[in-house]
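Have a look at the structure below, then the notes.
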Amino acid sequence: MSVLDRLAGALGRNDEQPNIALAIELATAGDKITVAELAEAIGAKSVAVANDAIKVLYEIGERRPALIAPHVDEFFRALKSRNNRLVWGALSALDTLTASRPELIGLRLPEILEAADRSSVIAKDKTVSMLATFASKSGAAPAAWGLLVAMLRTSAINQTPMYAELALKAAPMNDPAALAKVLNKRLGDIGQPAKRRRIEKVLRALEGPKAR
């Protein structure tokens, strides 16, 4: 039986549980051959197959990123798709690789940003997560921090607290003052008390003896 026959759509399922279970199985087994088959499937003509395949792959990435790292080019190709689910799924897969393989991400930040600009909120969430992780790495391109701070200047109000929290982890290695300046300005845009409190908590951390 092909692995494609085990995807949720092929089983007539509308939920993701078969895909998640498959990802756990493959990550546990370290099945490189089957992972390669799934990576090829994200280019399938069938939208359902491509969507299921990318789901399994980023779930594998969350558990065992080394298994999907050889297929980074397939993820970048998926960023050019008109299928929004495939775009943010590919960004999710790339996000799982950023901590352990930042060199795979750093040189291709323009492709990631372009995809996020024309895609969904989830795509932007994953891009901010990638930039924050990448900017926290020793020797990372300084441009990553600048791009991250720039995204916070115009981010949707609902997303800004989460983005601020993600950016905080990279602040000690970069320019905490730049982040604090943007967040202080954004506070004026945010009326919801819970969201303001989250940003104020980040600001307090930035104003301390050391961002943490």
Side-chain angles (χ1 to χ4, degrees), residues 58-59 61-66 68-69 72 75-76 79 87-212:
Y58 71 71
E59 290 286 347
E62 289 180 2
R63 295 162 174 82
R64 198 167 176 177
I68 68 167
V72 67
F75 301 137
F76 277 103
L79 295 186
V87 173
W88 68 254
L91 289 168
S92 298
L94 291 169
D95 187 28
T96 69
L97 294 173
T98 308
S100 58
R101 298 295 302 276
E103 74 282 1
L104 297 178
I105 308 302
L107 294 177
R108 305 183 74 168
L109 288 177
E111 295 172 67
I112 291 168
L113 293 167
E114 192 278 330
D117 282 344
R118 61 179 175 79
S119 192
S120 64
V121 171
I122 299 175
K124 291 178 175 63
D125 292 350
K126 295 301 179 180
T127 298
V128 169
S129 177
M130 268 188 276
L131 287 172
T133 301
F134 186 68
S136 70
K137 295 294 180 181
S138 177
W145 177 250
L147 291 167
L148 179 57
V149 172
M151 289 189 77
L152 271 157
R153 290 193 186 101
T154 58
S155 56
I157 289 174
N158 283 343
Q159 307 308 109
T160 299
M162 180 180 71
Y163 291 178
E165 290 158 356
L166 288 168
L168 180 59
K169 70 182 180 183
M173 288 68 72
N174 293 279
D175 182 4
L179 178 59
K181 181 178 179 181
V182 169
L183 294 181
N184 274 306
K185 188 173 182 180
R186 292 305 309 272
L187 271 176
D189 303 330
I190 298 174
Q192 300 95 322
K195 290 182 173 61
R196 287 183 64 88
R197 285 194 294 271
R198 288 172 66 186
I199 293 177
E200 287 165 351
K201 184 176 180 180
V202 172
L203 284 167
R204 287 194 297 273
L206 291 169
E207 291 165 0
K210 182 178 180 181
R212 53 194 184 275

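Positions are given from 1 along the sequence. Quick caveat, the model's predicted, so the values are computed rather than measured. Side chains are part of it too, since the values below use all heavy atoms of this structure and drop only hydrogens, waters and symmetry mates.
- Taking CG of N184 as the reference point, atom CD of E207 lies at 6.5 Å (rounded to 0.5 Å).
- Among residues two or more places apart in sequence or in another chain, the side-chain hydrogen bond (donor to acceptor under 3.5 Å, both in side chains) test is passed with E114 by R118.
- Taking A123 as the reference, W88, L91, S119, S120 meet the side-chain contact (heavy atoms from CB on, under 4.5 Å) condition, with sequence neighbours excluded.
- Residues D125 and Y163 meet the side-chain proximity criterion, which asks for heavy atoms closer than 4.5 Å.
- Taking each heavy atom of G61 and I68 in turn, the nearest pair found is CA-CD1, 3.6 Å.
- P161 and I199 get closest at one heavy-atom pair: CA-CG1, 4.0 Å.
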Indicate every side-chain donor-acceptor pair of residues 150-158 with a distance under 3.5 Å to a residue at least two apart or in another chain.
{"residue": "S155", "atom": "OG", "partner": "L152", "partner atom": "O", "Å": "3.4"}
{"residue": "S155", "atom": "OG", "partner": "T160", "partner atom": "OG1", "Å": "2.7"}
{"residue": "S155", "atom": "OG", "partner": "R186", "partner atom": "NH1", "Å": "3.1"}

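- In this structure, L179 CG and L206 CG are separated by 5.0 Å, a value rounded to the nearest 0.5 Å.
- Residues V149 and D175 form no side-chain contact, since every pair of their non-hydrogen atoms from C-beta on lies 4.5 Å or further apart.
- Between R196 and L187, the shortest heavy-atom distance links the atoms NH1-O, 2.6 Å.
- Rounding to the nearest 0.5 Å places OG of S100 at 7.5 Å from NZ of K137.
- A pairwise comparison of heavy atoms in A170 and A132 identifies CB-O, 3.5 Å as the closest pair.
- When atom types are taken as modelled, the side chain of T133 and the backbone of M130 share no donor-acceptor pair closer than 3.5 angstrom.
- Here A69 pairs with L97, R101, L104 under the side-chain contact (heavy atoms from CB on, under 4.5 Å) rule; sequence neighbours left out.
- Of all the heavy atoms in W145 and A178, the pair that sits closest is NE1-CB, 4.3 Å.
- The structure places CD of E59 at 10.0 Å from OG1 of T96, a figure rounded to the nearest 0.5 Å.
- For R197, the salt bridge (Lys or Arg N to Asp or Glu O under 4.0 Å) test picks out no residue, with sequence neighbours left out.
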Exercise. List the steps and the verdict of side-chain contact (heavy atoms from CB on, under 4.5 Å) for I112 and F76.
Key: CA-CA 8 Å; I112 291 168; F76 277 103; 3.8 Å; yes
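- No donor-acceptor pair closer than 3.5 Å links the side chain of R198 to the backbone N or O of A194.
- The OG1 atom of T98 sits 8.5 Å away from atom CG of L131, with the distance rounded to the nearest 0.5 Å.
- Atom CG of L166 and atom OG1 of T127 lie 11.5 Å apart (nearest 0.5 Å).
- The two residues F134 and G106 make their nearest non-hydrogen contact at CZ-CA, 3.3 Å.
- Among residues two or more places apart in sequence or in another chain, the side-chain hydrogen bond (donor to acceptor under 3.5 Å, both in side chains) test is passed with R64 by none.
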